[in-house]
A.B. asks: 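Below is one structure. I have some questions about it.
Note on naming: letters A, B, ... go to the chains in the order of the sequence lines (proteins, then strands), and numbering restarts at 1 for each one.
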Amino acid sequence: MSKHDTPLLDELEKGPWPSFVTDMKRQAAKKPECWDILGQLELSFKDRITHWKHGGIVGVFGYGGGIVGRYSDVPDKFPGVAHFHTVRINQPASKYYSTENLRALCALWEKYGSGMTNMHGSTGDMILLGTRTENLEPLFWDLTHDLGQDLGGSGSNLRTPSCCLGESRCEWACYDTQETCYHLTMHYQDEIHRPAFPYKFKFKFSGCPNDCVASIARSDIAVIGTWKDDIRIDQAAVKEYIAGKYPANAGAHAGRDWGKFDIQKEVIALCPTGCMSMNGDKLVIDNAECTRCMHCLNVMPRALRPGLEKGASICVGAKAPILDGAQFATLVVPFMKVSADNEFEELIDFIEKVWDWWMEVGKNRERVGETMQRIGLPTFLNVMEIDPLPQHVKEPRSNPYVFWKEEEVGGWDRDIKEFRKRNAM
Amino acid sequence: MGYDPKNPMEGRITDLGPRKYDNFLPPVIKNNKGKWLYHEILEPGVLVHVSETGDEVYTIRVGSARLISIEHIRELCDIADKHCGGYLRFTTRNNVEFMVDSKGKVAPLIADLKSRGNKFPVGGTGACVTNPVHTQGWVHCHTPATDASGPVKAVMDDLFEYFGSMTLPAQVRIALACCLNMCGAVHASDIAILGVHRMPPMIDHEKISGVCELPLAIAACPLGAVKPAKAEVNGQEIKSVKVNAERCMFCGNCYTMCPAMPLADPDGDGIAILVGGKVSNSRSAPKFSKLVIPFLPNTPPRWPETTEVVKRILVTYAKHAKKYERLGEWAERIGWEKWFELCEIPFTDKSIDDYRLAYDTWRTTTQFKYTSHIK
């Protein structure tokens, strides 16, 4: 494998943002197949179309996911990428690494792959980008035996769960997202590695309604931290914010002169429920009206903290647009305790109830959110044995087409002859 | 002993799962887990978190291309070994975070990062444009309608000043997905760059029976545009499919199910721009991104049409939005008609929904603004 001319890609070595082209050229010194990645990508830049063939099922024995097959459609020109399979490695929760572990992963990938990676894939896995079929089993052997690590998910299975950094470095985490993510990942190893679902299924764990892992937008079950009791207020700190001694929004707006901090304008008036006011120099929150949107906490992190009775809201059914259009996850359980003390029993029961139903009624390649749309939220709640709540909807329905059940009406059996005796036609 | 191809199942270990996270937490993080009191952004890319124990952790956030080499990762490790006790982390948006346990260690770390060319830009905090979430594009994907790393590099070169500063009304999340599958989850981003196809699939009758389950290809179409049909190959009649092109919405789902139905094309494919999405529940509920530009051409290596319009939208937002207002909140406050006018983006019928649930987006009130659209 030798260097190819890459005049188009070379243009992407210019400019201030880190260049993947420069990086790949640097890697090519040790891993010459990177010249063929660059060569084929240059051809795509010239032809304005991909040069990867459709699919290709490869994997390791006993697993139905974790490796994505990929082959070049111009292998004669670029033999170094004739096979270019992806290996998904389950990332540690919140993506903290020791350099010892990262270096071991690098050595593994130097031995068996192209040397290129994605840190990380959208779902959360560490993505090792480009290897040959014959390398897969030896790589998996070393990964499990020497590094004590494992593949992530792909295909119609539980995809690799992911979480925000939670309590590890955030004052707003309302449950331990890392422990929850780790525990459930370990609990569901079979579901991650052996596809048995109608389609993909994702869990994501966010510690608060800021939702830094975008769980409400892209996971089939989104576990989003929240609290039940009152926002904790440090009135002395409120005064410091008003006096301009603490930076508003934790300094996030420091690059522009927005004028002096104005608690009325920046906090109280922006509260979506209007549940805040000043009583003299004291901040008052009508907590019964609060919807825990996080705005006031975000703006005054030193003065306001989540309450002490913490848990999570469970939302179900988010997905990207393919096929029926994008969906956010729907609030199903307003508040659930999420705790390692009972090994997340309540959450696990919930998850398995969703799976039992979806695996029964879900169609091939139908995400659970689409199944819910097709069959209806009332039926879903009924199956889940969850009482309907006004919190489940933005507003009540505006059409009267209720699917009454026979038993709700007291029976549907009637006799037309009896009817005609009273009501002539 | 390593893998033995003659006895592939012997000694096999499976279902190990990931290494437990607490193997990888820096001591200051481990000691203060669940005890953090508050945080502050000291300067762009530099955060301090303060614990109730009195401990502090300083985080230096740097951008990365996401598509990175093991040489690059090793350099990250060198930096973390030298300054951070051998630990680092990655964020959901592909940034890298170096953490140190005292303020004195911050300046030497930043000086080290800055001495290494443009590989480690410090920023991505607060009211900024942080690292775009993106997909594979032409570097690895078989269904893309555009590249991913290329347009992201071009866009971020153009918006670089906004990565390392905090001058915007709120954070601006940019994301790119190279086709409608949206692996990059761009559907809830402030500015979404989306690869789109515009030509219906071709049918490779010679190959289709060998590579496809025809009923799956037919069922894959959400609009029933793929129908069973007979075709002739080398004088023989074979079972194949036909596509009603007028019904096709170019989603590419048929190609996902059937490799004999490719729809990618150099001129048919390009980029759509969607704006105004958000994920956080802060103030307003999460919002979907809305389609404001249906098509821009694929123009490698630097996609000038895309970079120009992304910057124009960003600059217009920066000028007009109020403090804290996300792009979508601003658009809703002023009204989308005003938004199109201010951003100087022509409004076309392509922005009017005619798919499922379309009616929810049609205006059913007499409240509107008189903009230049009304002649």
Side-chain angles (χ1 to χ4, degrees), chain A residues 8 11-12 15-18 20 23 26-27 41 44-45 48-50 52 54 90 92-93 95-99 102 106 109 115 119 122 137-138 141 144 150 167-168 171 178 185-186 189 209-211 213-214 216-218 250-253 255-256 258 293-295 301-302 320 322-323 326 328, chain B residues 3 13 15-19 21 24-25 29 33-34 36 38 40-41 49 65-67 69-73 77 80-81 86 89-90 92 118-119 126-127 138-139 142 144 149 153 156-157 160 165-167 181-183 185 187-188 222 259 264 266 279-283 286 288 298 300-301 323:
Chain A
L8 293 170
E11 287 298 312
L12 293 177
W17 187 249
F20 67 95
D23 188 25
R26 174 194 191 190
Q27 187 62 53
L41 187 58
S44 279
F45 270 49
R48 295 184 293 138
I49 200 162
T50 191
W52 299 108
H54 190 294
N90 196 325
K95 304 187 182 82
Y96 286 90
Y97 291 91
S98 68
T99 55
L102 272 181
C106 289
W109 197 231
M119 297 295 280
S122 296
E137 288 292 350
W141 179 280
T144 48
D150 204 346
E167 292 178 348
S168 76
E171 64 269 30
Q178 285 184 302
T185 303
M186 298 308 284
Q189 281 295 296
N210 283 329
D211 197 0
V213 285
I216 205 164
R218 55 195 194 133
H253 287 86
R256 198 200 288 194
W258 291 95
C293 83
M294 292 298 292
H295 176 73
R302 295 180 75 161
I322 294 279
L323 277 170
F328 284 119
Chain B
Y3 174 68
I13 306 174
D15 301 285
L16 277 176
R19 295 272 302 277
Y21 56 89
F24 301 132
L25 302 179
I29 293 292
K33 187 170 171 179
W36 299 105
Y38 67 90
E40 197 174 314
I41 305 167
H49 287 79
R66 188 182 91 118
L67 173 57
S69 69
I70 54 175
E71 287 305 293
H72 187 83
I73 297 172
C77 290
D81 282 340
R89 77 173 286 267
F90 294 81
T92 305
N118 70 346
K119 282 180 279 190
W138 294 333
V139 86
H142 64 300
S149 298
K153 161 73 175 150
M156 286 310 285
D157 279 341
F160 189 69
S165 63
M166 302 190 291
T167 58
N181 282 329
M182 292 201 194
C183 299
H187 58 289
V279 164
S280 119
N281 285 274
S282 186
R283 297 170 308 284
F288 290 126
N298 268 332
K323 190 178 179 185

A.B. asks: Under the criterion side-chain contact (heavy atoms from CB on, under 4.5 Å), which of A:M119, A:Q27, A:R26 is the partner of B:H72?
C.D. replies: A:R26

A.B. asks: Taking the side chain from A:D211 and the backbone from B:V279, do they hold a donor-acceptor pair closer than 3.5 Å?
C.D. replies: no

A.B. asks: If we define contacts as heavy-atom pairs under 4.5 Å, which of B:T167, B:I41, B:D15 has the most with chain A?
C.D. replies: B:D15

A.B. asks: Decide yes or no for A:T50 and B:H142: does some side-chain heavy atom of the first lie under 4.5 Å from some side-chain heavy atom of the second?
C.D. replies: no

A.B. asks: Quick check on A:L8 against chain B: is it the side chain, the backbone, both or neither that has a heavy atom closer than 4.5 Å?
C.D. replies: both

A.B. asks: What residue, out of B:G17, B:A127, B:S280, has the most heavy-atom pairs lying under 4.5 Å from chain A?
C.D. replies: B:G17

A.B. asks: As an exercise, state the distance from CD of A:E137 to OH of B:Y3, rounded to the nearest 0.5 Å.
C.D. replies: 4.0 Å

A.B. asks: Heavy-atom pairs under 4.5 Å with chain B are the metric here; pick the option from A:W258, A:W109, A:W17 that has the most.
C.D. replies: A:W17

A.B. asks: Under a 3.5 Å distance rule, please check whether A:K95 uses its side chain to pair with a backbone N or O of B:T92 as donor and acceptor.
C.D. replies: no

A.B. asks: Between B:L25, B:I13, B:N298, which shows the greatest number of heavy-atom pairs under 4.5 Å with chain A?
C.D. replies: B:I13

A.B. asks: Just verifying a value: how many Å separate A:L102 CG and B:I70 CD1, rounded to the nearest 0.5 Å?
C.D. replies: 11.5 Å

A.B. asks: Between B:A65, B:C77, B:G126, which residue shows the highest count of heavy-atom pairs closer than 4.5 Å to chain A?
C.D. replies: B:C77

A.B. asks: Are A:M186 and B:P18 packed together at the side-chain level, in the sense that at least one heavy-atom pair is separated by less than 4.5 angstrom?
C.D. replies: yes

A.B. asks: Under 4.5 Å heavy-atom distance to chain B, tell me which part of A:L12 shows up: side chain, backbone, both or neither.
C.D. replies: both

A.B. asks: Look at A:A320, A:C106, A:G255 and state which one has the largest set of heavy-atom pairs under 4.5 Å with chain B.
C.D. replies: A:C106

A.B. asks: Does the pair A:R48 and B:W138 meet the rule for a side-chain contact (heavy atoms from CB on, under 4.5 Å), with working shown?
C.D. replies: CA-CA 9 Å; A:R48 295 184 293 138; B:W138 294 333; 4.2 Å; yes

A.B. asks: Could you tell me which non-hydrogen atom of A:G15 sits nearest to which non-hydrogen atom of B:N118, and how far apart they are?
C.D. replies: O-ND2, 3.2 Å

A.B. asks: Sort out for me which of B:I73, B:N181, B:L67 touches chain A most, counting heavy-atom pairs under 4.5 Å.
C.D. replies: B:L67

A.B. asks: If I measure from the heavy atoms of chain A, does B:S149 come under 4.5 Å with its side chain, its backbone, both, or neither?
C.D. replies: both

A.B. asks: Quick check: do A:R302 and B:E40 have side-chain heavy atoms less than 4.5 Å from each other?
C.D. replies: yes

A.B. asks: Look at the aromatic rings of A:F328 and B:F288 and report parallel, tilted or perpendicular, splitting at 30° and 60°.
C.D. replies: parallel

A.B. asks: Given a strict heavy-atom distance threshold of 4.5 Å, which part of A:T185 is in contact with chain B: side chain, backbone, both, or neither?
C.D. replies: side chain

A.B. asks: Compare all side-chain heavy atoms of B:K119 with those of A:P18 and state whether any distance is below 4.5 angstrom.
C.D. replies: no

A.B. asks: Between the main-chain N or O of A:M294 and the side-chain N or O of B:N281, is there a donor-acceptor pair closer than 3.5 Å?
C.D. replies: no

A.B. asks: Which one wins on heavy-atom pair count under 4.5 Å against chain B: A:C293, A:A326, A:P209?
C.D. replies: A:C293

A.B. asks: Mind checking ring pair (Phe, Tyr, Trp, His ring centres under 6.0 Å) for A:Y97 and listing every partner two or more places apart, or none if nothing turns up?
C.D. replies: A:H120, B:F90

A.B. asks: Could you report the tightest heavy-atom contact between A:T144 and B:L16, atom names first, then the distance?
C.D. replies: O-CD1, 3.5 Å

A.B. asks: Pick whichever of A:P301, A:P92, A:S98, A:G251 has the most heavy-atom pairs under 4.5 Å with chain B.
C.D. replies: A:S98

A.B. asks: Taking A:I216, A:N210, A:L323 one by one, which has the highest count of heavy-atom pairs under 4.5 Å against chain B?
C.D. replies: A:L323

A.B. asks: For the atom pair CE (B:M182) and OG (A:S122), what is the distance rounded to the nearest 0.5 Å?
C.D. replies: 12.5 Å

